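Protein chains get the first letters and strands the later ones, always in sequence-line order, with residue 1 at the start of each. Computed from a prediction, not measured in an experiment: that's the story for all the values here.
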2 protein chains.
Amino acid sequence: MPLWVYVWSMARAATTTDAFNAVAEPRRREILDALAGGELAVGDLVELLGLAQPQVSKHLRVLREVGLVDVRDDGRRRLYRVNGAPLRAVHDWVSRYEHLWNERFDLVDAVLDELTDTGAEPPGPTTPEGD
Amino acid sequence: MPLWVYVWSMARAATTTDAFNAVAEPRRREILDALAGGELAVGDLVELLGLAQPQVSKHLRVLREVGLVDVRDDGRRRLYRVNGAPLRAVHDWVSRYEHLWNERFDLVDAVLDELTDTGAEPPGPTTPEGD
DNA sequence: TTGACGCATGCCGTTATGGGTATATGTTTG
DNA sequence: CAAACATATACCCATAACGGCATGCGTCAA
């Protein structure tokens with residue numbers, strides 16, 4: 001008997017996969033920024049961002065699916081609010097590269113270079129000596 | 001006489017548009033992570049990530065185009081290294097939401113709520129960020 | 001109840017993504 | 001110089017993202 005395997009091509013990770021993808025879209029970042037000031041209805045966002053209503057709704061849907069926004073019904077309106085939690089993963093990942101542009105870490109870099117040059121263990125969680 | 005206008009549909013911001021998009025792809029994040037340990041040749045990445053060589057080269061190209069990696073020729077090999085600078089924009093943007101998940105900011109939040117309740121300007125969005 | 005309003009969805013069209021495989025280009029080595 | 005090696009590109013394919021437009025559906029108003 002034939003065995004069917006479901007193969008998946010994947011053109012690009014879905015925007016609803018994670019915060020990384022959801023936030024890759026500039027308009028969605030704008031929406032979050034607008035929402036940063038507090039709850040807003042879809043119509044408010046439409047006006048603020050100058051986008052078409054369906055587009056806003058769709059972006060909101062994506063943000064909803066990755067948990068970046070929460071909704072609340074209010075009569076015939078729907079009030080959205082930000083939920084930053086999912087951004088934590090993004091923040092954590094990016095932060096690991098912070099030393100590459102932040103001069104505050106120059107000293108740490110020097111120390112790390114020193115260690116690696118001498119074949120020492122590249123330290124995990126850094127223990128800043130002075131600070 | 002007909003007037004031809006070039007219209008552009010746009011399915012999604014190109015991955016080469018900015019760091020946000022480049023980094024939305026998990027494999028590319030893996031590449032950067034691997035490169036975080038120091039310069040690596042394409043072949044090294046192929047081995048480390050278990051991806052096909054063409055795929056790695058393509059991802060590296062994207063990373064190159066947004067400036068997230070630099071290349072250096074070494075005989076018949078090409079050594080790539082990370083350049084975190086473009087990640088700064090990502091970090092800066094995400095950081096503005098840090099208080100939403102970091103309890104360390106609870107006090108700040110309280111103060112802000114206080115302000116907004118009294119009709120003061122919320123610090124909110126500062127995001128033109130045209131990209 | 002009938003509209004008007006507010007928002008979500010459906011469908012269409014264009015575009016580009018990302019993987020796979022084959023091949024072109026450039027560099028060593030024999 | 002030819003063969004082996006390292007990497008970049010070219011194509012093809014399936015997928016889905018996004019915008020535009022039309023429409024469905026629940027809610028409030030006259």
Residue-phosphate contact under 4.0 Å: [X] side-chain N/O, [N] OP1/OP2:
X	N	answer
B:Y80	D:dA6	no
A:H59	D:dA17	no
B:R61	D:dT9	yes
B:R28	C:dG18	yes

Whole-Å gap separating [atom2] ([N]) and [atom1] ([X]):
X	N	atom1	atom2	result
A:L79	D:dG26	CG	P	19 Å
B:R29	C:dG18	CZ	P	11 Å
B:E30	C:dG19	CD	P	10 Å
B:N21	C:dG18	CG	C1'	14 Å
B:L51	C:dG19	CG	P	7 Å
B:R64	D:dT9	CZ	C1'	11 Å
A:R72	D:dG26	CZ	P	21 Å
B:Q55	D:dT9	CD	P	14 Å

(Q) Are more than 12 heavy atoms, taken from residues, nucleotides or ligands other than B:E65, located less than 6.0 Å from that residue's CD atom? (A)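 Yes - once you tally the heavy atoms of other residues, nucleotides and ligands closer than 6.0 Å, there are more than 12.
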
Q. Is A:R96 atom CZ crowded by more than 12 heavy atoms from other residues, nucleotides or ligands, each under 6.0 Å away?
A.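 More than 12 heavy atoms, drawn from other residues, nucleotides or ligands, come within 6.0 Å of this atom.
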
Expected string for nucleotides 22-30 of chain C under the B/S/- scheme (protein heavy atoms, under 4.0 Å, primed atoms plus P, OP1, OP2 as sugar-phosphate) is B----BB--

*Applying the side-chain hydrogen bond (donor to acceptor under 3.5 Å, both in side chains) test to A:S57, which of A:Q55, A:Q53, A:R61, A:H59 qualifies?*
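Only one option passes, and that is A:Q53.
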
For side chain to side chain contact (heavy atoms under 4.5 Å, CB included), just list the numbers for B:W93 and A:V23, CA-CA rounded to whole Å, side-chain angles, deciding distance to a tenth of an Å, and then say yes or no. CA-CA 10 Å; B:W93 183 80; A:V23 159; 3.5 Å; yes

ask   = Roughly how bent is the helix from C:dT1-D:dA30 to C:dG30-D:dC1 end to end, in steps of 10 degrees, with each end axis from five pairs?
value =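 That helix has its two terminal axes inclined by roughly 10°.
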
Margin query: Given D:dG20, C:dT9, C:dC7, identify the nucleotide with an atom nearest to the side chain of A:R78.
Written below: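 Given the options D:dG20, C:dT9, C:dC7, the side chain of A:R78 is closest to C:dC7.
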
Handout entry: Candidate nucleotides D:dT9, C:dC7, C:dG19, ranked by approach to the side chain of A:V42 - the nearest
Key =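 Of the candidates, C:dC7 comes closest.
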
For B:D73, what residues pass the side-chain contact (heavy atoms from CB on, under 4.5 Å) criterion, not counting sequence neighbours?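 Expected list: B:R78.
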
Quiz item: Side chains of A:L79 and A:R77: closer than 4.5 Å at any heavy-atom pair?
Solution: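 They are in side-chain contact.
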
Practice prompt. Could you go through the side chain to side chain contact (heavy atoms under 4.5 Å, CB included) check for B:L100 and A:L87 one step at a time?
Written response: CA-CA 9 Å; B:L100 293 181; A:L87 285 181; over 6 Å; no

Residue among A:L45, A:V82, A:V69 satisfying side-chain contact (heavy atoms from CB on, under 4.5 Å) with A:L40
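Testing each of A:L45, A:V82, A:V69 against A:L40, the sole residue satisfying side-chain contact (heavy atoms from CB on, under 4.5 Å) is A:L45.
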
Classify the side-chain pair B:Y97/A:D33 by whether it contains a donor and acceptor separated by less than 3.5 Å.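 Yes - a donor-acceptor pair under 3.5 Å links their side chains.
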
